[in-house]
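We use all heavy atoms of the structure for the numbers below, so side chains are in, but hydrogens, waters and symmetry mates are not. Sequence positions, counted from 1, serve as the residue numbers for this chain.
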Amino acid sequence: MYIQLQQELLQSIQRREFEQGSRFPSERELSQKFATSRVTMRKAIDRLVQMGVLERRGTSGTYLPDRLFDRPVSEHVSYSISDVVEKAGHVPGSKLLFFERKVADKATAAKLSISVGDPIISIQRQRTVDGIPVCIEFSQIPAQMVPGLSAADVIENKSLYAHLRSRYQLNLHNKASRISIHKATEAEAEFLSLPPGAPVLKFDSVSVTIDDTPFEHLRSLNHPDYVSFSIEHRDNTAEAAASPVTMVMDGQPPHKGG
């Protein structure tokens with residue numbers, strides 16, 4: 001019974017029936033609403049607390065956390081989502097949606113500084129935190145830079161970046177990043193447990209190797225209730241002013257540097 005309640009509460013949270021950061025209804029209120037005992041309801045809530053979906057704050061009650069996942073954006077480091085999530089005390093997850101070898105179109109070729117028609121690898125993954133979908137990621141990589149890379153490599157390795165470092169000795173950093181608002185398509189919304197057309201945080205970036213060779217064009221669609229972005233700058237003021245991060249919000253003109 002408590003597992004069924006847990007799922008019903010989780011679905012209510014994912015439908016955004018409760019505001020992020022707000023106090024969650026008490027066990028008494030919920031047990032009356034769902035016509036169940038407080039003991040059973042407590043078990044369901046405890047499970048959601050263990051998953052990180054809810055958090056207890058001493059004697060003040062149970063709350064929805066403001067965000068499950070904070071993504072750092074840096075001009076000199078390409079962060080692994082798995083590493084960041086684990087360091088925050090959560091459990092990262094990844095589901096491969098498709099892995100395809102194809103040729104670069106004009107837009108992709110321009111992003112990766114390759115020729116139209118060059119072979120690329122296109123990867124789409126659903127990323128989760130404590131089992132909750134937080135983003136969908138689309139990666140495009142020149143095939144010649146990762147010979148032998150297969151779908152099995154993506155499935156079997158918790159962190160793709162760690163696998164790239166280990167197998168191909170690739171150390172990456174961001175060359176340019178752009179954060180904007182995007183309206184999710186029906187398929188995208190389904191993977192994020194959102195209604196079609198819901199606004200999501202779109203993160204576009206190009207990562208390069210240590211010798212400045214473009215390696216990956218990443219497009220990431222992030223759940224607005226579960227993901228936030230922290231933009232990191234080096235201490236040097238001149239370098240910070242030259243940050244490659246561009247912010248575009250609600251159709252307003254781009255604003256550099258966050």
Side-chain angles (χ1 to χ4, degrees), residues 10-22 24 48-49 51-55 63-75 77-97 123-139 158-161 174 176-207 216-233 243-250 252 254-255 257-258:
L10 181 58
Q11 290 170 7
S12 295
I13 292 169
Q14 291 175 337
R15 289 195 299 265
R16 295 194 284 182
E17 294 178 9
F18 306 98
E19 184 179 352
Q20 291 300 127
S22 67
F24 203 62
L48 294 176
V49 170
M51 291 170 60
V53 177
L54 297 174
E55 61 181 32
Y63 289 78
L64 275 77
D66 290 331
R67 293 292 184 271
L68 277 177
F69 174 39
D70 186 71
R71 298 188 68 162
V73 180
S74 170
E75 62 182 292
V77 178
S78 287
Y79 284 98
S80 162
I81 287 182
S82 298
D83 290 344
V84 173
V85 170
E86 283 187 338
K87 287 177 181 178
H90 296 282
V91 179
S94 178
K95 178 182 179 182
L96 180 62
L97 302 178
I123 302 169
Q124 182 180 346
R125 292 179 293 167
Q126 179 192 56
R127 311 303 298 272
T128 62
V129 175
D130 299 328
I132 299 173
V134 295
C135 65
I136 315 168
E137 300 210 309
F138 306 82
S139 296
K158 179 174 60 177
S159 169
L160 178 59
Y161 280 7
N174 280 342
S177 301
R178 178 184 176 96
I179 301 171
S180 60
I181 299 296
H182 169 80
K183 290 186 178 180
T185 65
E186 185 174 350
E188 293 164 350
E190 182 178 355
F191 284 122
L192 292 173
S193 299
L194 287 169
V200 297
L201 297 171
K202 180 182 177 184
F203 176 63
D204 267 290
S205 73
V206 174
S207 61
E216 177 193 32
H217 173 224
L218 173 69
R219 182 168 67 94
S220 178
L221 303 180
N222 299 263
H223 197 300
D225 290 341
Y226 298 142
V227 182
S228 59
F229 286 87
S230 295
I231 299 174
E232 298 182 351
H233 293 307
S243 167
V245 180
T246 301
M247 301 290 290
V248 181
M249 306 297 286
D250 295 328
Q252 296 301 312
H255 172 63

Donor-acceptor check, side chain of [X] to backbone of [Y], threshold 3.5 angstrom: yes or no?
X      : Y      : answer
Glu86  : Asp83  : no
Asn222 : Cys135 : no
Ser82  : Lys158 : yes
Gln126 : Ile136 : no

For [X], I'd like to know if atom [atom1] has over 12 heavy atoms of other residues, nucleotides or ligands within 6.0 Å.
X      : atom1 : result
Glu190 : CD    : no
Tyr161 : OH    : yes
Glu186 : CD    : no

Polar contact flag, side-chain donor to acceptor under 3.5 angstrom, Ser220-Arg127: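 Note: Ser220 and Arg127 side chains miss the donor-acceptor criterion.
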ask   = Is the closest side-chain donor-acceptor distance between Ser230 and Asp70 under 3.5 Å?
value =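 Asp70 and Ser230 do have a side-chain donor-acceptor pair below 3.5 Å.
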Using the ring of Phe138 (Phe, Tyr or Trp, six-membered ring only), decide whether Arg219 places NZ or CZ under 6.0 Å from its centre and within 45 degrees of its axis.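 Because its charged atom sits under 6.0 Å from the ring centre and within 45° of the axis, Arg219 does stack over Phe138.
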- request: Answer yes when Glu137 and Arg71 have at least one side-chain N-carboxylate O distance shorter than 4.0 Å, and no when they do not.
  value: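 Answer for the salt bridge query: yes.
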Where is the tightest heavy-atom contact between Val85 and Pro92, given as atom of each residue plus distance?
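That would be CG1-N, 3.7 Å.
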